[in-house]
Amino acid sequence: MKEIVPPPPPPIVRNQFETIRELFTKNVVPSYGRFDLALSHGQGSYVFDVNGRRYLDLGGGIAVCALGHAHPAITEALVEQSRKLIHCSNLYYQEPQGRLAQALVNLIGPGKVFFSNSGAEANEGLFKLARKFGHDEGRFEILTAINSFHGRTLAGISATGQDKVKKGFEPMVQGFRHVPYNDLEAMRNAISPATVAILVEGIQGEGGVTPATPEYLLGLRQLCNGKKLLLMMDSVQCGHFRSGRFQSYQRILENSELATKNDEPFLPDAVSMAKSLGGGFPMGAFWVRAPFADLLSAGTHGTTYGGSPLACAVALKVLEVIERDKLEANAREVGEHLKAGLLALKQRYPKAVREVRGLGLMLGLELAPELTNVLPGDPAKSMATRLTSLLQAGGLLVIPAGTQIIRLLPALNLRRHEAEEGLGIIEATLRSLAQPGS
Ligand SMILES: Cc1ncc(COP(=O)(O)O)c(C=O)c1O
């Protein structure tokens with residue numbers, strides 16, 4: 001390890017922001033609405049911009065940087081594996097992929113794993129799995145939830161229950177219908193003879209940090225059993241210990257009396273993963289329950305890069321550190337502390353904060369409509385975007401969701417004092433906009 005410790009970051013080049021933005025304006029497809037911030041390097045839960053200013057990162061690269069930035073164990077795994085074998089294709093066997101698949105099966109349940117390169121691709125695998133499952137009976141339709149988000153591929157936006165991602169790209173891939181989330185009756189009524197699967201997030205992320213209820217999850221399982229449908233869960237954002245358990249459904253159901261009455265523990269038929277799985281190294285995966293694990297037989301699905309030795313070595317290391325440093329418990333404890341702090345802010349600033357939602361280190365702050373009149377910035381921009389910019393000015397990175405929700409998706413090793421620092425910046429920002437009680 002000693003000889004591979006990365007050298008200190010290069011000296012910070014001052015005032016490079018405009019130059020970098022110019023490079024983007026001229027050369028990068030403008031499909032993202034970016035903030036006026038160019039980042040240079042990070043350390044733990046802090047990142048630094050090109051002018052050397054430090055920010056507390058409670059966005060975690062949108063729920064990706066599970067161990068924070070520049071974690072030495074990730075560097076070590078990258079360097080060690082890259083000295084051996086970075087890539088070899090899926091024409092051959094290699095140990096890291098086999099070991100990672102085993103680790104994920106041990107964490108979820110009996111089944112098998114397919115590796116992809118992103119969350120959208122992991123979901124594409126689920127769509128194909130469902131189509132294969134129903135093919136011989138002519139069933140192909142997948143029901144998803146309104147306000148869901150399932151990725152930006154053509155099938156991903158077709159599956160996503162939000163019109164804004166579809167606009168301009170019609171016609172959609174056929175075979176997806178959306179029904180209200182957490183509404184079992186609506187789901188039951190939507191099932192048609194063509195339906196083959198249900199896909200939901202355990203906690204809706206992009207849709208505004210809304211956890212599923214225990215009744216909903218258990219009801220969906222029963223519905224799928226009764227109608228011979230696959231129950232598929234998109235855990236790209238809410239999975240990988242973010243909720244305080246490996247899977248958000250485990251956390252949601254852990255104290256449910258209904259769940260303990262059941263003979264068999266709740267298990268979906270398939271789970272997609274990405275984001276924190278690689279801790280920043282791009283990768284995705286899906287797990288499929290044992291009875292369906294061989295549906296995608298040789299030649300039916302694949303990707304050149306998926307599950308490369310390098311990606312899997314990093315993901316194994318991320319899992320090892322999460323276990324070694326007890327980050328599952330940390331996500332729960334620090335998450336609860338953070339949530340309590342946010343709830344206190346809701347009490348103190350009821351005209352700024354309407355609701356606080358989420359589990360573990362996946363938290364959402366729904367802004368009150370009144371805030372729109374006092375928030376500085378371009379009124380054409382959403383409240384969430386304008387508050388995010390203001391928090392950035394105060395030294396804090398968060399992620400907007402929709403027009404009025406701020407998401408906190410920090411590293412799983414976030415410390416209590418860092419959570420408090422973040423709460424302090426949020427409070428100071430809200431205080432600058434409104435008086436307590438207003
Ligand atoms: C729930 C969910 N599914 C799928 C995706 C798509 O993942 P990716 O951006 O890695 O393709 C995301 C990304 O935000 C997500 O939150």
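Read the numbers this way: they start at 1 and go in the same order the structure lists the ligands and their atoms. The figures here come from the full heavy-atom set of this structure, side chains too, leaving out hydrogens, waters and symmetry mates.
Ring centroids of F140 and H135 are separated by 6.0 Å or more, keeping the two rings apart.
From N117, atom CG reaches atom OG1 of T303 across 4.0 Å, with rounding to the nearest 0.5 Å.
Between the K339 side chain and the L363 main chain, no donor and acceptor come within less than 3.5 Å of each other.
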List, one per line, each side-chain donor-acceptor pair under 3.5 Å for residues 392-403, sequence neighbours excluded.
none

Throw together a table of side-chain donor-acceptor distances under 3.5 angstrom for residues 98-114, partners on residues two or more places apart or in other chains.
from : atom 1 : to   : atom 2 : distance (Å)
N106 : ND2    : Q102 : O      : 3.4
K112 : NZ     : D294 : OD1    : 2.7

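Under the salt bridge (Lys or Arg N to Asp or Glu O under 4.0 Å) criterion, E141 pairs with R177, not counting sequence neighbours.
The protein residues lying under 4.0 angstrom from ligand 1, judged by non-hydrogen atoms, are S118, G119, A120, N123, F149, H150, G151, E201, E206, D234, V236, Q237, K275.
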